2 protein chains.
Amino acid sequence: MAETTRPMRRQDIRRENEKAILLAAEKVFAEAGFGGATMQLIADLAGLPKANLHYYFATKEELYRSVVQNIFEIWLQAANCFDAARGPVDGISAYIDAKMEISRRHPDGSKVWASEVMHGAPVLQDYMESTLREWTDGRVEIIRRWIEEGKMDPVDPRHLLYMLWATTQHYADFGHQIETLNGGKSLSDRQWREAKENIKRVILTGIGAQPA
Amino acid sequence: MAETTRPMRRQDIRRENEKAILLAAEKVFAEAGFGGATMQLIADLAGLPKANLHYYFATKEELYRSVVQNIFEIWLQAANCFDAARGPVDGISAYIDAKMEISRRHPDGSKVWASEVMHGAPVLQDYMESTLREWTDGRVEIIRRWIEEGKMDPVDPRHLLYMLWATTQHYADFGHQIETLNGGKSLSDRQWREAKENIKRVILTGIGAQPA
DNA sequence: TTGCATCCTGACCGTATGGTCAGCTTTCAG
DNA sequence: CTGAAAGCTGACCATACGGTCAGGATGCAA
């Protein structure tokens, strides 16, 4: 840790504290849900007094909103891989890799997102009706084109997307279950690789994807 | 409603009230999470005074535990279809149908289960380490045998199971997202049928399942 | 009819939580 | 150097929540 007693710039202070709070909040919200999370717990984890949280984020809702929006952006970002692809093999492989990497590196974020959606997306409804819908429609169109071009079987694009989302996020959201069934140990590098390869293989074979 | 002023038997009273409470609790826990749910809300939804809840279920935890255990049993029950099957086509088809039916008929239960696992299974850890593990090991063995008998490609059985769980439960847990992307409407009979068929087709094709 | 076990509930309690605020310290532009 | 703005925080408050309980109502066996 480069944390000497060196004086900090105002800007740095703000940035670092917000970052610490958001990180702590993500973890606590993921572990306890919105209702179960307490500002005190988040404060303790961030190493700050509770009142300091309210200095940066006026209310619990505002903090939660920030956490969820952060995740949503990471989530959408994984989509880029999808676009540049020449065909289903490239595109879907890259997307699965990206989403699995998110599940592995940001399991807390994934859980918060899942929780948000499960509770009816009280915070993100707007985003779902605009950004997410546009994103989805775009990918549906790409898949439809692939089908027309004979690059894959005529599978319903929406259900295919749901399958991709479900399968990849499962490794984050149900990570605890997977660990338990893995003898209480988290998946090794090798097991993660196997997971990715199995998913890719089953889905790509399942949709009859033709190398572009 | 067959609720006339007819006097009730003691037995009936107990059974009906417990049922009403469990139903209301399932819904509230699903919508708000354990932390966000309040006994008052559950009581209101069940049409009973809050104190009456505590007559039947001493604590919030005890009520929650009952709800979660109920779901776990329904969940395991869907496994039977899997066993009697002669091969992967029959077995996995039946399992997908059963789990999709659960997602459609018990979305709240599915959400509570998901929530429980996401939060580290504080209540169900024992079950996961015993019942769930045994169940899983059994199915893994069946799948392994199918592979040996050449009835399907050599896919990792565990990752295949995760894929089945993820894909089917997604329609309950992320039902709100799916509805939003469906123009705000819940899926029609036809759309549910299409969902099932797409899933079955992709997975069965993906694992190279041979009709037994 | 009687007595008892079960069922029911309004009123109450202690605690934990989200949020506030007055007043302190620190940074930094001028 | 100085003053104002930004950052910080212990102490405090109102509320909401889980849970309790005394005592009334109701079903039922004998």
Side-chain angles (χ1 to χ4, degrees), chain A residues 3-22 24-29 31-68 112 115 119 122-123, chain B residues 2-29 31-68 112 115 119 122-123:
Chain A
E3 286 312 317
T4 58
T5 6
R6 138 186 82 90
M8 279 197 192
R9 300 267 183 81
R10 283 235 179 102
Q11 235 184 343
D12 299 337
I13 291 175
R14 177 153 221 116
R15 193 158 30 81
E16 291 206 8
N17 278 345
E18 282 181 351
K19 193 173 143 195
I21 293 170
L22 285 170
E26 181 176 285
K27 184 162 187 178
V28 173
F29 283 132
E31 281 172 3
F34 178 81
T38 72
M39 295 298 269
Q40 189 62 62
L41 227 68
I42 296 170
D44 291 348
L45 193 62
L48 295 168
K50 193 185 68 159
N52 208 348
L53 260 66
H54 283 97
Y55 176 72
Y56 287 103
F57 300 92
T59 66
K60 191 183 176 186
E61 268 96 359
E62 190 185 316
L63 176 54
Y64 176 73
R65 182 180 298 268
S66 296
V67 170
V68 173
V112 176
S115 208
H119 298 354
V123 165
Chain B
E3 286 312 319
T4 59
T5 5
R6 137 187 81 89
M8 279 197 191
R9 301 266 185 81
R10 282 245 177 92
Q11 234 184 343
D12 298 337
I13 290 175
R14 177 152 221 117
R15 192 160 29 82
E16 291 207 9
N17 279 344
E18 282 181 351
K19 194 172 142 196
I21 293 169
L22 285 170
L23 201 71
E26 182 176 286
K27 183 162 187 178
V28 173
F29 282 133
E31 281 174 1
F34 178 80
T38 71
M39 294 299 268
Q40 188 63 62
L41 228 66
I42 296 170
D44 291 348
L45 192 62
L48 295 169
K50 192 184 70 161
N52 208 349
L53 259 66
H54 283 97
Y55 176 72
Y56 287 103
F57 299 92
T59 67
K60 191 183 175 185
E61 267 95 0
E62 189 184 316
L63 175 54
Y64 176 74
R65 183 180 298 269
S66 295
V67 170
V68 173
V112 176
S115 206
H119 297 355
V123 164

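Please read these numbers as outputs of a predicted model, since none were measured by experiment. Naming convention: chains lettered A, B, ... in sequence-line order (proteins, then strands); numbering from 1 in each chain.
Atom NZ in B/Lys60 sits about 15 Å away from atom P in D/dT20, given to the nearest Å. When the P atom of D/dT20 is taken as reference, atom NE2 of B/His54 falls 7 Å away, rounded to whole Å. As rounded to whole Å, 16 Å separates atom P of C/dT20 from atom CZ of A/Phe57. Spacing between atom CG of A/Leu41 and atom P of C/dA16 amounts to 13 Å, rounded to whole angstrom units. A/Glu61 has its CD atom 9 Å from the C1' atom of C/dG18, to the nearest Å. One interatomic measurement links the two molecules: CE of B/Met39 to C1' of D/dT20, which rounds to 13 Å at whole-angstrom precision. As rounded to whole Å, 16 Å separates atom C1' of C/dT6 from atom CZ of B/Arg15.
Between B/Lys19 and B/Leu23, the closest side-chain pair of non-hydrogen atoms is not below 4.5 Å.
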- For side-chain contact (heavy atoms from CB on, under 4.5 Å), just list the numbers for B/Leu63 and B/Leu22, CA-CA rounded to whole Å, side-chain angles, deciding distance to a tenth of an Å, and then say yes or no. CA-CA 7 Å; B/Leu63 175 54; B/Leu22 285 170; 4.0 Å; yes
- Message: Run the side-chain contact (heavy atoms from CB on, under 4.5 Å) test on B/Tyr56 and B/Asn52 for me, step by step, so that the C-alpha distance in whole Å, both residues' side-chain angles and the decisive distance to 0.1 Å come before the verdict.
- Response: CA-CA 7 Å; B/Tyr56 287 103; B/Asn52 208 349; 3.5 Å; yes
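Under the side chain to side chain donor-acceptor pair (under 3.5 Å) criterion, B/Arg65 pairs with no residue, sequence neighbours left out.
Listed here is the closest heavy atom pair of A/Leu53 and A/Met39: CD2-O, 3.6 Å.
Between B/Tyr64 and B/Phe29, the ring planes lie perpendicular to each other; the angle is over 60°, past the 30° to 60° tilted range.
Among the atoms of the strands shown, only primed sugar atoms or phosphate atoms (P, OP1, OP2) are found under 4.0 Å from some heavy atom of B/Ala37.
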- Query: Going 5' to 3' along nucleotides 5-16 of chain D, which nucleotides have protein heavy atoms under 4.0 Å from the base (write B), which only from the sugar-phosphate (write S), and which from neither (write -)?
  - Reply: BSBSBB------
